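See below for the structure under consideration.
Each ligand, and each atom within it, is numbered from 1 in the order the structure gives. Treat the numbers as computed from the prediction; the structure is a model and nothing was measured.
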Amino acid sequence: MEHLACFFLFLTLKLTSFTTANSGQDQFIYNNGFSGSNLILSGTAMVTPNGILELTNGTNTYNASYALYPTPWQFRKVPFGAVQPFSVIFVLNMVPGNMCANTMAFMIFPSKDLEYGQSSSKLAINLVSCQDKRFLENNENDISISINNSFSRPPETHPAGFYDDKNGIFNDLPLVGGKSVQIWVDYDGDATKIKVTIAPLKLTKPLRPMLSTIVNLSTILDEGVSYIGFSSGANRVGTLNYILGWSFGMNSPALTIDITKLPKLPRFGPKVHSKTLKIILPIVITTVILLMGAAVTALVWRRMRYAELYEDWEVEFGPYRFSYKYLFDATEGFRNENILGVGGFGKVYRGVLPNSKLEVAIKKVSHESKQGIKEFIAEIISIGRIRHRNVVQLLGYCRRKGELLLVYDHMPNGSLDKYLHYKDDKSTLDWGQRFHIIRGVASGLLYLHEKWEKVVIHRDIKASNVLLDAEMNGHLGDFGLARLYEHGNDPQTTHVAGTFGYIAPEMARAGKASPLTDVYAFGIFVLEVTCGRRPINNYTHDSPTILVDWVVEHWQNGSLTSTLDVRLQGDHNADEVNLVLKLGLLCANPICSRRPGMRQVMQYLDNEMPLPELMPTNLSYSMLGYLQNDGFDQYKSVPSTVCSNNLTSSLTSGR
Ligand SMILES: Nc1ncnc2c1ncn2[C@@H]1O[C@H](COP(=O)(O)OP(=O)(O)O)[C@@H](O)[C@H]1O
Ligand SMILES: *[C@@H]1O[C@H](CO)[C@@H](O)[C@H](O)[C@H]1NC(C)=O
Ligand SMILES: *[C@@H]1O[C@H](CO)[C@@H](O)[C@H](O)[C@H]1NC(C)=O
Ligand SMILES: *[C@@H]1O[C@H](CO)[C@@H](O)[C@H](O)[C@H]1NC(C)=O
Ligand SMILES: *[C@@H]1O[C@H](CO)[C@@H](O)[C@H](O)[C@H]1NC(C)=O
């Protein structure tokens, strides 16, 4: 209130002589700004380039600022008659400064000479707002009517606000704070009543005025002319008061202001705006950027995480195709806790398929070359159609960049080698189980070689590729995978697929796999299972370096059965052990043409056919043996075509 008081105290009355007045003209409106309006301005009042009437420009002043309509008004129709009705509409925007002190007024002046201390208003509609959180006690937001620039008679004062047309509830309306407001002042000459109405800019004029009071302007206004306009109080704190639009009507309603046509407030000047820009805007922008970044990252991450490779040719394998996300979920994100084992091709994870709840083993095979992958998958899928009780069933696959995932039936008892080469006796298998497994593997291999629609060469028969189900049945696993290494490689540098110790000599020499190279590996496998020793032992002193040589030696010395796993001594069927050991040697013959086929092997195992008598002349077991003496010649005499006769170099071939 201090500033308002100063402002009014500085104003004194000055009478002016009669001049030409607006007797004919009775209306004006500034709806598109005040540019070119010839308003009488004083103090810091100015019209901004975009047409806003800026009463205070933020510079500290000690005098009030004014903006007056350029021509005077004759408020009486006839001399000594009553003051005519009139109405005023204006749009105001008050921007707070450093302190709580926004004051401005619509006024009727008796003179246009508004120099310091020389003018005083006859009627003022004062708007005072101070809404600073720091000065809660002094907060005010009022509109008042004062007469004769005097405080002797208390002015009519009312908190700024409006009555809701629908429910009649009074809503406070802050004058300061960035939002523009519209104000209507109506004087009813007959009732000598002044009504003040105020509303947010977007609202139409409320029906009920905020303030309504009896003032007989006929007793207040002089007989002479009057000027109308706005004034802003002395200002030391950088407040800004803007008038955006103004409409007046003498003896007629003021024209309605079209708010869409009003000039736009400057975005730079106001302190509150800059405060908002400085603090809130960066926070908002940073938050938005961070959120967007996070969303994009999440999307990209999800894309990359579940990305797959899918090509047109895979359409036909659709039923075997799993989505990566499905396998990801099945293995709880390929958790390390779910690793079943690590093989030559990569990690094997245990998983539970989300839909069927089927337990599976998922092999992650990494492969660099894209070349040949199509043929490889075709073969894998083709093999996947094999159903045999001694073959691990392939359920499907998934492909990602540089990675192939193969989904197999889960074998709860894991791989056979663990049981054979464990040191403690408890976890080992008894003879009956071992014989059963040997028979099972033979049956599975026979199926691959001869009973299925194509000849399938396993290429990597060994104890670690025999998996055991809950009933300890042996299942051949991993077949065909060895091919992955061959595909897309230069034939000159192709390394031999298979596992050291199980590779047939002709395979090592020519790199050609055949069913008989499988038979060789099967022979080594049989010896491994029976003797409980690895095919090649590099570092142990109590084991023979090359198992097959060691067994041959014992056979030559007539002590064949002493090669039986020591853990099985006293618990075995001597006939079966004898048969199996001899069968192993027969199959592991370095000369491929002397090995039996799997059909014969099966017949020997089932005692449907007697095993041929082992003779030194028809056996040439050890590499050592044939390199040293006749074995070498015998080996040389075998045409290299014999073993691969009628067999293609492909994994599978028509029969
Ligand atoms: N279908 C399966 N069910 C259960 N365990 C499996 C299965 N396949 C592989 N494993 C486990 O993962 C290990 C590695 O498998 P694999 O890659 O086949 O070994 P390798 O390459 O040495 O033959 C196996 O020793 C076995 O314990
Ligand atoms: C405000 O107006 C005064 C007087 O017209 C002037 O001296 C001052 O430079 C103006 N300030 C701004 C910020 O425009
Ligand atoms: C304020 O009014 C005084 C007295 O008329 C005058 O001397 C002074 O220049 C005015 N100040 C401004 C900023 O207009
Ligand atoms: C207003 O004042 C004038 C002049 O004194 C008087 O003639 C008129 O009757 C008054 N009007 C009312 C409604 O009191
Ligand atoms: C206002 O001032 C005029 C003279 O200018 C005087 O005639 C009138 O009585 C005053 N009215 C009030 C309410 O002070």
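- Panel note: side chain K357, backbone P354; a donor-acceptor pair is recorded below 3.5 Å.
- Atom 10 (N) of ligand 1 has as its closest protein heavy atom V348 CG1, 3.8 Å.
- For the pair N216 and ligand 4, the shortest N or O to N or O distance falls below 3.5 Å.
- Contacts with ligand 1 closer than 4.0 Å are made by side-chain heavy atoms of K418 only, the backbone lying farther away.
- When each atom of ligand 1 is checked for a heavy atom of A361 under 4.0 Å away, the hits are 1 (N), 2 (C), 3 (N), 7 (C).
- Distance check on atom 11 (N) of ligand 4: some protein heavy atom falls below the 4.0 Å cut-off.
- The heavy atom nearest to atom 25 (O) of ligand 1, considering only S464, G477, S415, G341, is found in S415.
- For ligand 1, the atoms closer than 4.0 angstrom to any heavy atom of N465 are 18 (O), 20 (P), 23 (O).
- Evaluated by nearest non-hydrogen atom to atom 5 (O) of ligand 4, the leading choice among I220, V215, L217, T219 is T219.
- Residue D409 places at least one N or O, backbone or side chain, under 3.5 Å from an N or O of ligand 1.
- In summary, the atoms of ligand 4 found under 4.0 Å from a heavy atom of T192, numbered by their order in the structure, are 13 (C).
- Considering F334, F322, Y408, Y397 as possible partners of I362, the one that fulfils the side chain to side chain contact (heavy atoms under 4.5 Å, CB included) test is F334.
- Here Y187 and F86 bring their ring centres to under 6.0 angstrom of each other.
- Of the possible donor and acceptor atoms, one in the side chain of T331 sits under 3.5 Å from a partner among the backbone N and O of L327.
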